[in-house]
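Worksheet: one structure, shown below.
Convention: sequence-line order gives letters A, B, ...; per-chain numbering from 1.
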2 protein chains.
Amino acid sequence: MNEATSVLGKPRVQAEEVQALQDTIYVIGGKWRLPIINSICNGNKRFREIERSIPGITTRMLSKELREMELNKLVKRTVHPGPPVLVEYESTPYCKTFGSIILEMIRWGKEHRDKLREE
Amino acid sequence: MNEATSVLGKPRVQAEEVQALQDTIYVIGGKWRLPIINSICNGNKRFREIERSIPGITTRMLSKELREMELNKLVKRTVHPGPPVLVEYESTPYCKTFGSIILEMIRWGKEHRDKLREE
DNA sequence: CCGTATCCACGCTGATACTG
DNA sequence: CAGTATCAGCGTGGATACGG
């Protein structure tokens, strides 16, 4: 894969990378975070709209994730007083930093569609 | 906001991508799969070696993951009869297809190191 | 050294129902 | 439409002990 499998100083670098990898996994932890980010980045704004765009998610999980994501500045929540009351979720610049990860994962998923059917 | 958020043909494409994304998340599900793949792709072969290279993992979790990963052709397990008995884990071509995802996640983790400290 | 087995606690998840 | 409440189950994780 790379130029050197056993060069001095490598373990140190590896440790850093492992840490970075585990940090990232922690942040996007769970099954729903990335699909939600993807949905919002694709322009979905309303709660039910987001919900419908993600197969399998339940109201409770979406609600929980959205709440936590708002706290972490991953989404912006705006309430337009009604009636009828209207709530909008928007992606933040921080949210968009996940773009390349999501893209890579979509690419992987498409490429391995057939393999997955077998499992 | 009105109805016209969806562009021609977009929903269909989105649905495919959401599915691909969720497939990928399913395959790499959990906190340990990717770090283990990364460790083995980095040349770690022995059980304890892999274990030590992943902060926080327990013997039980590593054992469980490795067993399942062998079934899914993600790793190749070889026993060199001893004594002492020697077991080696090696990455498969399939395993290596996760490379770009892992790289992207490491990159993300490094870039957001500071932000993470705050949380 | 290389794991497997068991017990136990806890949090995440899902299903369902209900409110404003 | 936009959520919250409640209950139950299971997977994950830690501790510990044991076997090859």
(request) Mind checking A:Gly30 for me? I need base, sugar-phosphate or nothing, with any heavy atom below 4.0 Å counting as a touch. (result) sugar-phosphate

(request) Could you tell me whether the side chain of B:Arg46 has a donor or acceptor atom within less than 3.5 Å of a complementary atom in the base of C:dG3? (result) no

(request) Calculate the interatomic distance between A:Met69 atom CE and D:dG3 atom P; express it in whole Å. (result) 13 Å

(request) Compare the minimum distances between each of D:dT4, C:dG3, D:dC1 and the side chain of A:Ser63, then state the nucleotide with the smallest one. (result) D:dT4

(request) Could you tell me whether the side chains of A:Asn72 and A:Glu68 share a donor-acceptor contact shorter than 3.5 Å? (result) no

(message) Restricting to non-hydrogen atoms, name the atom on B:Ser53 and the atom on A:Val18 that form the minimum distance, rounded to 0.1 Å.
(response) O-CG1, 3.6 Å

(request) May I ask you to evaluate whether A:Tyr89 reaches the phosphate of D:dC1, defined as a side-chain N or O under 4.0 Å from OP1 or OP2? (result) no

(message) Expressed as a whole number of angstroms, how long is the span from B:Glu51:CD to D:dG14:P?
(response) 12 Å

(request) For A:Glu70 and D:dA2, give me the distance from atom CD to atom C1', rounded to whole Å. (result) 14 Å

(message) Using whole Å, what does the distance between atom P of nucleotide D:dG3 and atom CD of A:Glu68 come to?
(response) 16 Å

(message) So, under a plain 3.5 Å distance rule, would you say the side chain of A:Arg60 forms a donor-acceptor pair with the base of D:dG3?
(response) no

(message) Looking at A:Arg46 and A:Glu51, is any side-chain nitrogen of the basic one under 4.0 Å from a carboxylate oxygen of the acidic one?
(response) no

(message) Taking only side-chain N and O atoms of A:Arg52, does any of them lie within less than 4.0 angstrom of OP1 or OP2 on D:dC1?
(response) yes

(message) Which is more 5' along DNA chain C, the nucleotide nearest B:Thr59 or the one nearest A:Lys31? Just name the residue.
(response) B:Thr59

(request) Could you check how far CD1 of A:Ile36 sits from C1' of D:dA2, rounded to whole Å? (result) 15 Å

(message) At less than 4.0 Å, is any side-chain N or O atom of B:Arg77 found next to OP1 or OP2 of C:dG3? Yes or no.
(response) yes

(request) Nearest whole angstrom, please: distance from the P of D:dT12 to the CD of B:Glu65. (result) 7 Å

(request) Write down the distance between NE2 (B:His80) and C1' (D:dG20), rounded to a whole number of angstrom. (result) 17 Å

(message) With a 4.0 Å cutoff (strictly under), does any side-chain N or O of A:Trp32 reach OP1 or OP2 of C:dG14?
(response) yes

(message) Given C:dC12, D:dC1, C:dC2, identify the nucleotide with an atom nearest to the side chain of B:Val87.
(response) C:dC2

(request) Measure from the side-chain heavy atoms of A:Arg48 and tell me the nearest of C:dG3, D:dC1, C:dT13. (result) D:dC1

(message) Distance check needed: D:dT12 C1' versus B:Met61 CE, whole Å only.
(response) 5 Å

(message) Can you classify the ring geometry of B:Phe98 versus B:Tyr94 as parallel (below 30°), tilted (30 to 60°) or perpendicular (above 60°)?
(response) tilted

(message) Given 3.5 Å as the limit, does a donor-acceptor pair link the side chain of A:Thr24 with the main chain of B:Gly109, or not?
(response) yes

(request) Examine C:dA15: is either OP1 or OP2 under 4.0 Å from a nitrogen or oxygen in the side chain of A:Thr58? Give yes or no. (result) no

